[in-house]
2 protein chains.
Amino acid sequence: MPEVLPTDSVGLVSPQAMTFQQPLALESGATLAGYTLAYETYGELNAEHSNAILICHALSSNHHAAGFHSMEDRKPGWWDTCVGPGKPIDTNHFFVVCSNNLGGCHGSTGPASVNPATGKPYGRDFPDIVVKDWVHSQAQLADALGIECWAAVVGGSLGGMQALQWSIDYPQRLAHAVVIAAAPHLSTQNIAFNEVARTAIKSDPDFHDGDYYQHNVIPERGLRLARMLGHITYLSDDSMHAKFGRELQAGSPTTGFDMEFQVESYLRYQGSKFAGEFDANTYLLMTKTLDHFDPAKEYGNDLTRALKQAQTKFLVISFTSDWRFSPARSREIVRALLENNLDVVYAGIEADEGHDAFLMKIPQYLEVFSAYMQRIAAETAAS
Amino acid sequence: MPEVLPTDSVGLVSPQAMTFQQPLALESGATLAGYTLAYETYGELNAEHSNAILICHALSSNHHAAGFHSMEDRKPGWWDTCVGPGKPIDTNHFFVVCSNNLGGCHGSTGPASVNPATGKPYGRDFPDIVVKDWVHSQAQLADALGIECWAAVVGGSLGGMQALQWSIDYPQRLAHAVVIAAAPHLSTQNIAFNEVARTAIKSDPDFHDGDYYQHNVIPERGLRLARMLGHITYLSDDSMHAKFGRELQAGSPTTGFDMEFQVESYLRYQGSKFAGEFDANTYLLMTKTLDHFDPAKEYGNDLTRALKQAQTKFLVISFTSDWRFSPARSREIVRALLENNLDVVYAGIEADEGHDAFLMKIPQYLEVFSAYMQRIAAETAAS
């Protein structure tokens, strides 16, 4: 709990929600009869509406990117490191929007929402959602907020993929895309890890084929396993070693099989915490959305062709120890952008923190990110 | 099913079992009142008893290292690539012994065996077993077989760790140790993956706190998840890509969330197959044994000191794409051996196959391994 809010914080923020009454045609062919997007905003939209930044969140995150919901809040939003006065996404300059993805479980319409056709939660009947659908729904949010063109669409991990998709689908509606710790599509190994997580959830007897809401249970065991596994892939081998090594948990016996390593109780704690907070159907949906993301697919698996219509300027950032979406995956994106003669800055950051580095206070990263965003701020001030 | 047995096969083999009536004092302080080791042998023990090779198996393997149990057998033993006439462990020269580790589920005394004290399966009451206990029980098997000194103790992965432990505990009883794709102890990440697997098994409602035998069920869901996860860590990102890429399973829809990647059905198949064959309590035990393996621990975390008493000659092999036990981990072992002025050959093999490379037909690997074993054959012939 911050007794006094930090001066570089956006301070107390309130989630908002925008409900769209018109049906949303999805890429799958299905239609969503109206939907709600939960979102937050930080900073002020300028008179020209030229200083708006869209933040896209990662797999298990949400619209609460920065600041605190109350003075009792123990932790700020998930990207507070990068969003706030004087931070890379400087709220003294920018009007920042972050929305919970469609299919999410933090206020946007998702599998736990009531299906107007049945009066019950959608559950497994919630339609398939792909990244294009997120972008499309966010464009409607932009319309509603009076934002014709984003100064930048920014995201890490799955959020970076979303920024990339924005540059393909709405080339006129963003000046810059910032694509951090992302990949042009998931590797076989990435898909394999997701499938283990999904199998854990679906094989939990409390899953009830996705209709656990009616049974007043949650597939807690499955979600816990999914999160434990995810967590390993977000950290590097080195960062896990530095954080825990082979140290024993306090109170653990020092010999015998009851001996417990710190990393074991840490993972179980993270898993249990997550299971109490996140909807299992949303986790299934988001991992499927990730697996299916592959903008090159409809262009003969040629990413360069997929990005032909992009007119955006790009900042691409990767981290050396990220083995989930390695620097080589970012360079695939950079290569395709360069082949289209697009304006691209690429920063391969030396960092031990693994995939989660994009959330962390890593000086070299924050400097590169800040410098690039200041360039955007200068452009929007001049326009 | 081989209609005709391959000429480089050890042919039809029969598992054997040796029962020891005397109690076995375990490292934990507990005592096992008698025990059985299942084992197989290939080739002939020479008159001097100088040509015996002990093969130590990996986590989920067993004593069936080579050959076929019947003409209907569809697959040979797990290390048939390396064991047989003319193969690296050449049964024309060597008498080969491979035993199922204590705590196993393929004939050796383990959690599924009947506890003489209760008349019921041990279940969770089976004592903690560490690698030293395996070595100790194998030394008793060696005594019973009339083998005073092994020409070599050989193993990959956990089996390599066991070979290393042999060199520490019985320096006079092996001339060579062959340590393949191993590590001096598990990394934090290795332990983390094991803990996810254990949590999957223990949180399966059919686990019944380890007493599932009495309930006539097996924790099939948990075992399947454990195996799926293990499998990912045994392969490299590159080998998974080469094997499956983003190819779809035959019969899969080409769009929508019902679309299925080949890697997904492959993993589920491997998981289900394993769950029908392997005992969950043994899986818990073996992963704990792995986590606890750390010969340097009682020597102030100094591996060089731990290996001071070793008198063995060593072959250490690693594989470039092995991210479970990376080449750097093998080099830690090599460094400690060299600091003790031991005779060591180290081969870092270029291979895309990940950790499982030690089981595979990789020419450079088989050549190095063969050459080293031929040197041992020459020594034993001369002795």
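A, B, ... follow the sequence lines: proteins, then strands. Residue 1 opens every chain. This is a predicted model, so every value here is computed, not measured.
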Given that the side chain runs from C-beta out, which part of [X] has a heavy atom under 4.5 Å from chain A: side chain, backbone, both or neither?
X	value
B:F193	both
B:L186	both
B:D291	both
B:S28	neither
B:T289	both

Going by heavy atoms in the side chains, are A:V263 and B:E195 under 4.5 Å from each other? no
What residues form a salt bridge (charged side-chain N to carboxylate O under 4.0 Å, His left out) with B:E277, not counting sequence neighbours? none
Side-chain donor-acceptor distances from residues 250-258 of chain A under 3.5 Å, at least two apart:
unit_1 : atom_1 : unit_2 : atom_2 : d
A:S252 : OG     : A:E260 : N      : 2.7

Contacts of type side-chain contact (heavy atoms from CB on, under 4.5 Å), residue A:K297, not counting sequence neighbours: A:D294, A:N301, B:M259
Over all heavy atoms of both residues, which pair between A:R246 and B:H185 is shortest? Give the atoms and the distance, please. CD-ND1, 3.4 Å
Closest non-hydrogen atom pair, B:A192 against A:L267: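 Heavy atoms of B:A192 and A:L267 come nearest at CB-CD1, 3.5 Å.
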Any idea which of B:P205, B:G271, B:G29 has the most non-hydrogen atom pairs under 4.5 angstrom with chain A? B:P205
Is B:Y269 atom OH crowded by more than 12 heavy atoms from other residues, nucleotides or ligands, each under 6.0 Å away?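 Check fails, neighbour count at 12 or below.
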Got more than 12 heavy atoms from elsewhere within 6.0 Å of NE2, A:H208? yes
With rounding to the nearest 0.5 Å, note down the distance linking CG in B:N190 to CE in A:M240. 10.0 Å
At what distance, to the nearest 0.5 angstrom, does CD1 of A:I191 lie from CZ of B:F261? 4.0 Å
Part of residues 221-234 of chain A lying next to chain B, heavy-atom separation under 4.5 Å: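 If one takes a 4.5 Å heavy-atom cut-off, the residues of residues 221-234 of chain A near chain B are A:R221, A:R224, A:L225, A:M228, A:L229, A:I232.
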